[in-house]
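Scroll down for the structure; my scribbles are underneath it.
So you know, we letter chains A, B, ... as the sequences are listed, proteins then strands, and number each from 1.
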Amino acid sequence: MFWWILRRLGQMAIVLFGVVSLAFLLVYAVPADPATTLAGPNASAATIASIHKQLGLDEPLWQQYLGFIGRLLTGDLGTSYVLRETPVFGRIAAALPTTLLVAVGGIIWQILLGVPAGIYAAYRRGSWVDRVITFISLIGLSAPPFWLGLLLIYYFAFTWGLFPLNGLGDPVIWFLVLPTFTLGAGGGAWYARMTRTNMIETLDSPFVRMARAKGMPEHVILWRHSFRHIAIPLITMIGLDFGYFLGGVVIVETVFGLNGIGRLAFDAISNLDTPMIVGTVLFAAIFIVVVNFIVDLLYSVIDPRVRLNS
Amino acid sequence: MSEAIPAAAIVDPAELGDKPVRAREVWRSLTRDPAALISIIVLVLLALIALAAPLLSPHDPLQTFPDQGLGPQGQPLPPGTPGFLLGTDALGRDLLSRLIYGAQVSLIIGIVANGLATAFGVLVGVVAGYFGGVVEAVLMRITDVVISFPILLLCTALIAVTTRSTFNVIIVIALIYWTTLARIIRGMVVSLKEREFVVASRTLGLSHRAIMWRHILPHLVPAIIVYTTLGVASSILIESALSFLGIGVPIPQASWGQMISDGSTYFQIAPWMLFIPGICLIVTVMAFNLVGDWLSDMLNSSTPTAR
């Protein structure tokens with residue numbers, strides 16, 4: 001176990017190094033020039049040159065890269081091109097809690113909405129309940145999340161005044177209900193479908209028939225035996241979703257006026273703000289790598305057949 | 001994040017058969033699945049509307065009506081106003097006309113972008129699966145890299161370095177959406193190439209190209225049809241999300257995502273600007289998803305060997 005964790009940490013460091021280097025080099029590979037984006041289309045050559053000098057863009061690529069990696073090792077992500085004087089690290093640290101709250105909330109909605117619905121639909125396969133759940137999950141998969149978010153704002157916030165319109169305030173959970181639901185609804189529909197398929201297969205398997213034959217109560221079969229069986233693919237999906245969410249939060253943060261990592265990354269990419277792009281990409285990579293690590297740990301907790309050996 | 005989840009992955013490719021399907025079987029399976037039948041009718045109607053847009057739309061979708069098209073306080077007019085059946089938007093443009101032209105945008109982007117993505121995904125998948133070895137390793141690692149990026153951010157990056165045009169939106173969506181299909185096709189080809197007919201063709205001395213495109217590809221057609229249908233739904237959703245974020249089809253061109261984006265500013269006084277394009281979008285995407293599900297069921301059940 002100890003060696004397994006050590007090895008994983010080593011792998012994580014290599015992956016993160018690769019991701020950061022790739023992000024850094026990609027921004028240089030694109031034909032567009034950040035200085036032109038900053039100065040506007042009508043700027044003179046002299047202005048562009050002075051911006052290049054100011055940002056260190058006139059140095060050779062390897063020198064910029066080494067400088068960047070050196071500063072990174074001391075925890076310095078540099079300063080934003082667009083908002084000068086703003087350290088990238090500070091901006092990300094400020095935006096991080098919002099995004100984490102929204103992402104975790106979205107995951108919770110996905111699980112709460114999708115898993116019980118999928119299990120129940122599979123249990124009552126072919127009944128009208130099954131059909132209703134399947135239909136609702138199809139709507140969930142087909143609805144554009146930004147539209148769903150706006151619809152929720154219109155009814156729940158504007159018309160009925162149950163929840164705040166946008167932003168964050170006190171108590172935070174009240175402001176998070178609509179954004180997290182928007183983020184989780186599509187995934188919930190997806191989970192319902194996947195859980196239903198997996199559960200139908202599980203309920204047909206010999207060990208369930210065996211349990212039925214020896215008179216095991218249905219709820220024990222469903223929740224203890226079968227649920228454990230479908231939990232592994234479920235956890236894999238949840239792990240992957242954290243990665244997808246980093247794209248999804250852009251939409252949710254835009255619709256609900258939240259200043260999170262998604263908006264930060266989106267604006268940075270639109271402005272070719274290299275330090276901010278690399279910073280947000282690095283954050284995203286850390287996030288995904290850590291979640292995958294936790295997922296692998298959870299496998300061994302849920303499925304005793306999985307052993308964490310090196 | 002739902003719009004990034006490829007709806008395609010719902011279907012298990014191993015269950016798609018490769019037996020020929022007769023027209024009568026198609027019709028019979030369609031009558032057993034009314035949702036799919038309705039979906040096909042909806043999509044055909046939508047395609048006709050999009051094709052006949054200049055004939056059907058009462059006004060020019062870009063024309064503003066500063067006098068008749070806006071209320072006394074300059075507010076958008078609600079649906080049912082004489083001359084503007086579905087009302088107007090904040091600039092006094094006719095919503096119905098914009099909706100009809102928006103259907104063109106959604107369908108063209110959904111079908112063309114997804115068609116390109118399909119072609120590319122099939123090419124990568126077949127080549128990787130057939131040749132194996134280094135070719136496969138390189139192609140599949142590239143697929144992994146593209147697939148693991150958050151889709152919207154990758155689109156943003158690609159659009160940020162180009163100019164905003166419908167053509168670029170199509171290319172960007174195609175560049176991102178080929179990955180899922182490439183993975184699935186590769187998996188199928190890996191198992192197909194061990195089958196007797198492939199081994200026999202090789203023994204007969206057929207070229208790699210002939211084996212891949214004349215003998216293996218026909219077996220992939222059912223899977224390709226299913227995933228392409230589901231993929232159109234995803235592509236339409238991504239286009240609308242890009243338009244909503246302001247990096248999709250260039251304004252003032254009408255697209256459903258752009259119309260929802262406009263509506264998001266005015267929904268407190270003009271909720272119809274939000275509702276109407278959203279309902280069109282969701283119905284279209286649902287129809288493509290339902291048809292995709294039906295196709296996968298039908299192509300699956302028509303194969304007695306699949307079970």
Side-chain angles (χ1 to χ4, degrees), chain A residues 22 26-27 29-32 37 103 106 110 135 138-151 153-154 158-159 165 182-190 193-194 197 237 240-241 243-252 254-255 262 265-266 269-272 277 280-281 284 288, chain B residues 1-7 9-12 35 145 147-163 230 233-234 236-241 243-247 256-257 260-261 263-265 267-268 271 274-275 277-279 281-290 293:
Chain A
L22 195 68
L26 268 183
V27 184
V30 302
T37 319
Q110 285 192 348
F135 187 71
L138 185 71
I139 295 180
L141 281 178
S142 307
F146 58 93
W147 188 66
L148 177 67
L150 290 166
L151 216 61
I153 292 180
Y154 181 73
F158 178 67
T159 311
L165 277 169
T182 305
L183 190 63
W190 171 246
R193 266 185 96 135
M194 291 302 283
T197 310
M237 277 168 66
L240 289 174
D241 276 347
Y244 286 134
F245 269 11
L246 291 166
V249 287
V250 178
I251 292 280
V252 172
T254 306
V255 170
F266 181 81
I269 293 170
S270 307
N271 297 324
L272 297 177
I277 294 176
T280 46
V281 166
I288 292 170
Chain B
M1 168 193 168
S2 54
E3 85 275 12
I5 296 168
I10 300 164
V11 187
D12 178 7
V145 168
I147 228 169
S148 56
F149 259 95
I151 289 180
L152 272 180
L153 293 183
L154 196 55
C155 287
T156 314
L158 289 171
I159 288 170
V161 299
T162 54
T163 45
L230 295 171
S234 309
I236 290 177
L237 279 182
I238 274 286
E239 185 282 317
S240 71
S243 285
F244 176 72
L245 288 172
I247 54 173
W256 292 345
I260 296 175
S261 179
S264 72
T265 321
F267 70 88
Q268 291 163 343
L274 193 62
F275 293 153
I279 289 167
L281 199 53
I282 199 170
V283 167
T284 308
V285 173
M286 260 180 94
F288 274 109
N289 278 332
L290 281 166
D293 283 354

Quick check on A/Ile139 against chain B: is it the side chain, the backbone, both or neither that has a heavy atom closer than 4.5 Å? both
Rounded at 0.5 Å granularity, tell me how far CG in A/Leu151 sits from CD1 in B/Ile260. 9.5 Å
To the closest 0.5 Å, what do you measure between OG (A/Ser142) and CG (B/Leu290)? 7.0 Å
Parallel under 30°, tilted from 30 to 60°, perpendicular over 60°: which one fits the rings of B/Phe275 and A/Tyr154? perpendicular
Residues B/Ala241 and A/Ile251: closest non-hydrogen pair is CB-CD1, 4.0 Å
In short, A/Ala143 meets B/Ile282 closest at the heavy-atom pair CB-CD1, 3.5 Å
Between A/Phe266 and B/Ile247, is any pair of side-chain heavy atoms under 4.5 Å apart? yes
Side-chain donor/acceptor of A/Trp147 to backbone N/O of B/Leu274, under 3.5 Å: yes
What part of B/Ile236 gets within 4.5 angstrom of chain A, counting heavy atoms only: side chain, backbone, both, or neither? neither
Which one of B/Thr284, B/Leu245, B/Leu281 has the most heavy-atom pairs closer than 4.5 Å to chain A? B/Leu245
Verdict with reasoning, B/Ser240 to A/Phe146, per side-chain contact (heavy atoms from CB on, under 4.5 Å): CA-CA 9 Å; B/Ser240 71; A/Phe146 58 93; 3.5 Å; yes
